[in-house]
Protein chains: 2
Amino acid sequence: MILTEGKTKHIECLEQMLPIRDALDVISGKWKMLILTSIMHGNRRFKEIETSIPKINPKVLSKELKDMEEHQLIKRIVHDEYPVLIEYIATDYSRTLKSVMMELHAWGVNHRKKILGQ
Amino acid sequence: MILTEGKTKHIECLEQMLPIRDALDVISGKWKMLILTSIMHGNRRFKEIETSIPKINPKVLSKELKDMEEHQLIKRIVHDEYPVLIEYIATDYSRTLKSVMMELHAWGVNHRKKILGQ
DNA sequence: GTAAGCAGTTACCTTAACGTAAGCGGTATG
DNA sequence: CATACCGCTTACGTTAAGGTAACTGCTTAC
């Protein structure tokens with residue numbers, strides 16, 4: 001029955017699309033995955049992160065860090081010392097993104113090769 | 001030597017980040033991966049693709065299809081028949097994105113579960 | 001010959017992302 | 001006591017992404 005097939009295909013297709021969009025909502029944008037990469041490489045302080053990412057500015061960094069904290073990808077820790085020290089660390093949950101990031105990285109390397117080869 | 005370590009870390013970190021950004025430049029945005037999913041599920045005609053993706057509008061679809069053709073993710077084929085028939089198909093190159101899409105999908109499914117469970 | 005489908009385009013508008021430059025309250029440094 | 005570092009924030013743009021509504025030229029269907 002063609003109608004049923006069509007409907008099934010349509011629903012299947014939607015079921016593929018919606019989670020992909022959910023994921024992209026969290027990771028897309030120019031900075032989030034770069035910030036997460038930086039933090040995962042051991043950068044913890046605001047300035048460290050800022051200087052590790054070319055061309056980012058403090059306003060954008062500040063906003064993205066807040067977003068990422070809301071999404072539970074990072075944790076902001078305030079140490080009550082003198083002077084006050086603030087650290088950003090990656091959460092366990094953010095580590096579930098590692099395979100996504102690895103795939104993105106691998107594809108990006110390949111893509112750059114392709115573009116330069118043209 | 002701490003200086004060397006720091007420098008190495010810094011460069012290593014950049015080498016992770018740049019390809020990730022290259023990849024995100026191609027796939028990010030609200031629609032591209034949804035369109036590719038739709039086409040990979042067998043939707044070929046403009047209207048088919050349009051109706052398969054909730055809330056997309058023809059202007060956006062048209063623009064994204066052009067972008068994706070430039071990036072060689074899809075091919076636009078014009079059949080010189082009566083009436084003229086136009087098809088969009090996924091390229092071999094777009095299939096290199098499949099593992100990225102699968103990771104995004106898997107993460108998205110998990111993320112939705114997490115959010116609903118809160 | 002009117003209506004409807006296809007594959008879009010056009011003009012216009014809103015929203016969100018991103019950027020620049022400067023500054024602020026705190027601490028520490030010469 | 002001036003200068004500078006830290007972790008930001010504020011005010012003020014600019015750019016790009018995305019949305020709405022209407023319309024076009026072509027074809028076929030009633």
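Order of the sequence lines fixes the chain letters, A, B, ..., with proteins taken first and strands second; residue numbering starts at 1 for each chain. For the numbers below, each heavy atom of this structure counts, side chains included, while hydrogens, waters and symmetry mates do not.
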Between [atom2] on [N] and [atom1] on [X], what's the gap in Å once rounded to a whole number?
X	N	atom1	atom2	result
Lys63(B)	dT10(C)	NZ	C1'	16 Å
Phe46(A)	dT27(C)	CZ	P	19 Å
Ile77(A)	dC8(D)	CD1	C1'	18 Å
Leu61(A)	dG19(C)	CG	C1'	14 Å
Ile56(A)	dG19(C)	CD1	C1'	12 Å
Asn57(A)	dT10(D)	CG	C1'	13 Å
Ile86(B)	dG5(C)	CD1	C1'	14 Å
Asn43(A)	dC6(D)	CG	P	13 Å

### Task
Decide side-chain hydrogen bond (donor to acceptor under 3.5 Å, both in side chains) for Gln16(B) and Thr37(A); before the verdict, give the C-alpha distance in whole Å, the side-chain angles of both, and the deciding distance to 0.1 Å.
CA-CA 7 Å; Gln16(B) 277 285 107; Thr37(A) 302; 5.4 Å; no
### Phosphate-side-chain proximity, Arg76(A) and dC8(D), N/O vs OP1/OP2 below 4.0 Å
yes
### Message
So, OP1 or OP2 of dC6(C): does either fall under 4.0 Å of a side-chain N or O from Arg45(B)?
### Response
no
What nitrogen or oxygen pairs link the protein and nucleotides 25-28 of chain D at under 3.5 Å?
residue: dT28(D); atom: OP1; partner: Tyr82(B); partner atom: O; Å: 3.4
residue: dT28(D); atom: OP1; partner: Pro83(B); partner atom: N; Å: 3.3

### Query
Counting only heavy atoms not in Met102(A), do more than 12 sit closer than 6.0 Å to its CE atom?
no
Considering only side-chain heavy atoms of [X], which listed nucleotide, [options], is closest?
X	options	value
Trp31(A)	dA7(C), dG18(D), dC18(C)	dC18(C)
Lys59(B)	dA7(C), dG7(D), dC12(C)	dC12(C)
Ser62(A)	dG8(C), dC18(C), dC8(D)	dC8(D)
Tyr88(B)	dC6(D), dG8(C), dG19(C)	dG8(C)

### Message
I'd like to know if Lys63(B) and Asp67(B) make a salt bridge, using a cut-off of under 4.0 Å between side-chain N and carboxylate O.
### Response
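Yes.
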### Message
Check whether Trp107(A) forms a cation-pi arrangement with Arg112(A) (NZ or CZ under 6.0 Å from the six-membered ring centre, at most 45° off the ring normal).
### Response
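Relative to the ring axis of Trp107(A), which defines the angle, Arg112(A) lies outside at least one limit.
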### Message
Both conditions, 6.0 Å and 45 degrees, for the charged tip of Lys114(B) above the ring of Tyr93(A): are they met here?
### Response
yes
### Task
Name the nucleic acid region contacted by Glu48(B), choosing base, sugar-phosphate or nothing; use a 4.0 angstrom heavy-atom cut-off, strictly under.
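No contact at all - Glu48(B) keeps every heavy atom at 4.0 Å or more from the nucleic acid.
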### Query
Touch check for Lys66(B), heavy atoms < 4.0 angstrom, all strands: base, sugar-phosphate only, or nothing?
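Here Lys66(B) touches the backbone only, sparing every base.
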### Task
Could you tell me whether a side-chain N or O of Arg21(B) sits under 3.5 Å from a main-chain N or O of Lys30(A), the two making a donor and an acceptor?
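Checking the backbone N and O of Lys30(A) against the side chain of Arg21(B), a donor-acceptor pair under 3.5 Å is found.
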### Main-chain N/O of Leu34(A) paired to Ser38(A) side chain as donor or acceptor, under 3.5 Å
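Checking the backbone N and O of Leu34(A) against the side chain of Ser38(A), no donor-acceptor pair under 3.5 Å is found.
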### Query
Is there a donor N/O on one and an acceptor N/O on the other, under 3.5 Å, for the side chain of Lys55(A) and the base of dG19(C)?
no
### Message
Show the nearest heavy-atom pair for residues Ile56(A) and Glu50(A), with the distance to one decimal.
### Response
CG2-O, 3.5 Å
### Query
Considering heavy-atom distances to DNA chain C, does Pro58(A) or Glu50(B) have its closest nucleotide positioned more toward the 5' end?
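Counting from the 5' end, the first nearest nucleotide belongs to Glu50(B).
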